[in-house]
Amino acid sequence: MKNLIIAANWKSNKVKNEARQWFDEFSKNAWENGSEVVLLLPFTLLEFGSSYIKEKNLNIKLGAQDISPYDMGAYTGEVNAEQIKEFADYVLIGHSERRKNFSETDDAVNKKIERTIASSLTPIVCVSNMHQVESINRDDLIIAYEPIEAIGTGDPDDPQNTLSVAREVKERMKNAKVIYGGSVKAENVRNYTALDGVEGVLVGSESLSASSFSEIIKNAV
Ligand code: PGA
C-alpha cells in the first residue's frame with residue numbers, strides 16, 4: 001500500500017471559531033488509514049491548530065501556505081521558517097494563486113524552497129506545467145501538480161494526463177513524489193490516488209468542510 005499524502009489547503013478562509021468547529025467535527029470522524037494528513041492553514045490559525053492537535057493527540061500534521069524567502073529580520077509582513085517551525089512541519093510553496101495574484105516568480109519559489117529545507121521543514125511545491133518543474137533547483141521534493149483550469153472549477157484533470165505528467169516530473173526529478181490537486185472530492189479522489197506514480201492529493205474547497213475532507217481521506221485508499 002502507498003503512503004499517501006492527503007493535504008488540505010484552506011487558502012484565506014476561516015477564523016478561530018470556525019476552525020474550532022472544523023477540528024471538533026473532524027476529530028469525531030477522522031479516518032486512520034495510514035495516510036499522512038496535512039492541514040495547510042492560514043498563519044493566524046497555526047498556533048490554535050497545533051495546540052488542538054497536541055491536546056487531543058490527533059494524527060494530523062500542519063503546514064503553512066507560504067514562507068518568507070528570507071531569514072528572520074527586517075522584512076515587514078513576512079513570516080519566516082523559524083516562526084513557522086514553532087507550529088508546523090510543512091510549507092506550501094508556489095501555489096498558482098500566489099504566482100498569479102502576488103507575482104511570485106520561479107526564482108522566489110526556489111529561494112522559499114531553500115529556506116524551508118534549511119529549517120528542516122518539508123516543502124510541497126505547486127506547479128501547473130513542466131516549465132515550472134524545470135525551473136526548480138532540486139530533485140527530491142513533493143510536487144503538487146495542479147493544472148490551472150482544474151482549480152476551483154469542479155472540472156478535474158483527466159487522470160491519464162495526471163499520470164503522464166507525474167511520469168514526466170519523475171524523469172526530471174529523480175526523487176520526487178507527485179500529488180495531484182484541482183477539484184478533488186470524495187467521488188473522484190481514488191481516480192488519482194490509484195495511479196501508479198501519484199502519491200496523494202491537495203484539496204482546496206472540499207477541505208473546508210470537515211465531513212467532506214474526512215470522506216476524501218476514507219475514499220483515497
Ligand atoms: P480546489 O483547490 O480543490 O478548490 O480545486 C485546489 C488548490 O488550489 O490547491
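Order of appearance sets the numbers: ligands from 1, and atoms from 1 within every ligand.
Within the listing of ligand 1, atoms 2 (O), 5 (O), 8 (O) sit less than 4.0 angstrom from a heavy atom of Ile151. Near Ser183, meaning under 4.0 Å from any of its heavy atoms, are these atoms of ligand 1: 1 (P), 3 (O), 5 (O). Proximity to Leu202 (heavy-atom distance under 4.0 Å) selects the following atoms of ligand 1: 9 (O). Atoms of ligand 1 lying under 4.0 Å from at least one heavy atom of Lys11, given by number and element, are 2 (O), 7 (C), 8 (O). Within the listing of ligand 1, atoms 5 (O) sit less than 4.0 angstrom from a heavy atom of Gly182.
Under the 30°/60° scheme for interplanar angles, the aromatic rings of Phe23 and Trp10 are found to stand perpendicular.
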Q) Stepwise, does the side chain to side chain donor-acceptor pair (under 3.5 Å) test hold for Asn3 with Glu36? A) CA-CA 7 Å; Asn3 290 323; Glu36 173 101 327; over 6 Å; no
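Taking a 4.0 Å cut-off on heavy atoms, His95 registers as neighbouring ligand 1. The shell of residues lying under 4.0 angstrom from ligand 1, judged by heavy atoms, includes Glu146. At least one heavy atom of Ala150 sits under 4.0 Å from some atom of ligand 1. Not close to ligand 1: Gly181, with no non-hydrogen atom less than 4.0 angstrom away.
At a 3.5 angstrom cut-off on N or O pairs, Thr153 does not count as close to ligand 1. For ligand 1, one of its N or O atoms has an N or O atom of Ser205 under 3.5 Å away.
A salt bridge is absent between Arg172 and Asp139: the closest approach of a Lys/Arg side-chain nitrogen to an acidic carboxylate oxygen does not fall below 4.0 angstrom. Ion pair Asp107/Lys111 flagged as a salt bridge, since at least one NZ, NE, NH1 or NH2 atom sits closer than 4.0 Å to an Asp/Glu carboxylate oxygen. For the pair Glu25 and Lys28, the salt-bridge criterion is not met [side-chain N within less than 4.0 Å of a carboxylate O]. Salt-bridge annotation for Asp106 and Arg99: present, with a side-chain N of the basic residue lying under 4.0 Å from a carboxylate O of the acidic one. Lys2 and Glu199 are not joined by a salt bridge, as no carboxylate oxygen comes within less than 4.0 angstrom of a charged side-chain nitrogen. Salt-bridge formation is not detected for the pair Glu215/Lys185: no Lys NZ or Arg NE/NH1/NH2 atom is positioned less than 4.0 Å from an Asp or Glu carboxylate oxygen.
Nearest to atom 5 (O) of ligand 1 by heavy-atom distance, out of Cys126, Gly152, Ala8, is Gly152.
Counting protein heavy atoms only, atom 3 (O) of ligand 1 is closest to Gly204 N, 2.8 Å.
Proximity of Asn9 to ligand 1, defined as any heavy-atom pair under 4.0 Å, is confined to the side chain (atoms from C-beta onward).
More than 12 non-hydrogen atoms from other residues, nucleotides or ligands lie less than 6.0 angstrom from CZ of Arg98.
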